[in-house]
2 protein chains.
Amino acid sequence: MRHATDLRSVTTREALLDCAERLFVEHGHAATSLRDITREAHANLAAVNYHFGGKEALIQAVLKRRLASLNSERLAALDALESQAGDQALKPSQIVDAFFGTLLRQAASPTNEGGRFLTLLERTMTDPASFVRTVFADEYAGVLERFKRALFRALPDVPREEILWRFHFMLGATSFAIAGSNTLRLVMGWEDLGQDAPSTASQHGTTVETERLLERLMSFLLGGLRAPLPQPAA
Amino acid sequence: MRHATDLRSVTTREALLDCAERLFVEHGHAATSLRDITREAHANLAAVNYHFGGKEALIQAVLKRRLASLNSERLAALDALESQAGDQALKPSQIVDAFFGTLLRQAASPTNEGGRFLTLLERTMTDPASFVRTVFADEYAGVLERFKRALFRALPDVPREEILWRFHFMLGATSFAIAGSNTLRLVMGWEDLGQDAPSTASQHGTTVETERLLERLMSFLLGGLRAPLPQPAA
DNA sequence: GTCTATATGTGGATAGAC
DNA sequence: GTCTATCCACATATAGAC
């Protein structure tokens, strides 16, 4: 089931990225040593320092690789929608799908296994280390700006502050959608799979399952987004 | 602004718990050493081992203290509602409030500062370490069972699996509601407050703000919970 | 219960040969 | 680019005096 050389990763550099990512997801970056990573990648201990300059830089590279890919795809999706809509405002459901649907579909792509990527993303969002937050902020700033504008246009009669909050809530719901290693099992009533159980979603992480999850999540998100306002006259 | 002895915490044991909790929230438990904790608590390095038996046990104690308090209050709220409703099913909004409202209100209590407790909870939910998951599972198992049953009764025509997913989504949205240290700033367009910014919510974490947040969150959650089903005939 | 001193381990990083 | 050997900082934990 695991024989380390893993998969593609022709160069040492790539092997390090791949192995580091997997180990970070499984144990967190704080609990993963460079020795763990280089052993798994069949590389030398000094390789990380040579290729990346240090552990922090490796972590940042792992995150950047995924976030950049995700966000450029998101922007592409939004671009397509907007050019197709001409000068009309998009529907909220389109925007939500471009943002969250892209995420889930990319998480289900064969490049990732199960919800690994989502777990990584979820941790990144809440990581206390500043060098992690930096990457996150850099990679997200532009995308969020674009999507916020789109949502403002799509929901002209909802106060902007309210939209921002709901966008934030949607992020949280999505974050838990697949990745919630702990809660998902508990809520669903599944048994704990022992000490170091792998990402929950990978258990049945076929494309079909992801498709169903996406449908579930989308209707929840849209329900929340379009819910009646707390107090109409703010 | 900080002079360590902190607050109540008459005994060394309590001081250790308080300081550990704060440092865990700020830097994560992996990045927090016993030296940091004992220094902050004006206690001796050996004190942690004496009072708790080791670092892991201290972490578990920190989590248990909060989770036990939160969940007993949740159960009390549900008990009150149910005994008041007699043999009638509760309204979804009542159940959601007993679960998530209790959380937010407790997070806003003077015992905690701002969203500190929510950050702790959020991290606990997604922590990869097994000794953290254990505590979480133990403390949550009973409560979740009760609330699931209540929701099943309240929404008899919604498939149970769907309810469970939506409950899970709600957990995610709530988790991000205050605690999302990173995303919140980004989504809202606030500037980063520098290297080690404190919990975002504590910036304006008055009771009034929490009340408004609770209203926002509740309407979002209920909107999502009662959203039209993805495919009526599953 | 509290403290000092210390045992023992592990981590990240680097110098320098190949 | 890769490897070995090693340095050094820092972590947890404990033994034993007070």
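Letters A, B, ... mirror the listed sequences (proteins, then strands); counts begin at 1. Bear in mind the structure is a predicted one, so any value in this text is a computation, not a measurement.
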Item to check | Side chain proximity check, B:Arg123 to B:Leu120, heavy atoms < 4.5 angstrom | outcome: no
Using atom [atom1] of [X] as one end and atom [atom2] of [N] as the other, report the distance to the nearest whole Å.
X: B:Leu23; N: D:dA11; atom1: CG; atom2: P; result: 13 Å
X: A:Phe52; N: C:dG12; atom1: CZ; atom2: C1'; result: 16 Å
X: A:His29; N: C:dG12; atom1: NE2; atom2: C1'; result: 14 Å
X: A:His42; N: D:dC3; atom1: NE2; atom2: P; result: 12 Å
X: A:His51; N: C:dA13; atom1: NE2; atom2: C1'; result: 16 Å

Next on the checklist: Can you tell me which residue among B:Leu58, B:Leu17, B:Thr12 is in a side chain to side chain contact (heavy atoms under 4.5 Å, CB included) with B:His51?
Outcome noted: B:Thr12
Next on the checklist: What's A:Thr38 touching, base or sugar-phosphate or nothing? Going by heavy atoms closer than 4.0 Å.
Outcome noted: nothing
Ignoring backbone atoms, test whether [X] places a side-chain nitrogen or oxygen under 4.0 Å from the OP1 or OP2 oxygen of [N].
X: B:Ser33; N: D:dC10; value: no
X: A:Thr12; N: D:dG1; value: no
X: B:Asn44; N: C:dT4; value: yes

Next on the checklist: Tell me if a side-chain donor or acceptor on B:Thr102 pairs with a main-chain N or O of B:Phe99 at a distance below 3.5 Å.
Outcome noted: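 Checking the backbone N and O of B:Phe99 against the side chain of B:Thr102, no donor-acceptor pair under 3.5 Å is found.
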Item to check | Test of ring centre spacing under 6.0 Å for B:Phe167 and B:Phe147 | outcome: no
Checklist entry - Is the closest side-chain donor-acceptor distance between A:Thr124 and A:Asp127 under 3.5 Å? => result no
Checklist entry - What string of B, S and - do you get for nucleotides 13-18 of chain D, 5' to 3', if B is base contact, S is sugar-phosphate-only contact and - is no contact with any protein heavy atom under 4.0 Å? => result BB----
Checklist outcome for this item: Of B:Lys64, B:Arg116, B:Arg65, the one forming a salt bridge (charged side-chain N to carboxylate O under 4.0 Å, His left out) with B:Glu21 is B:Arg65
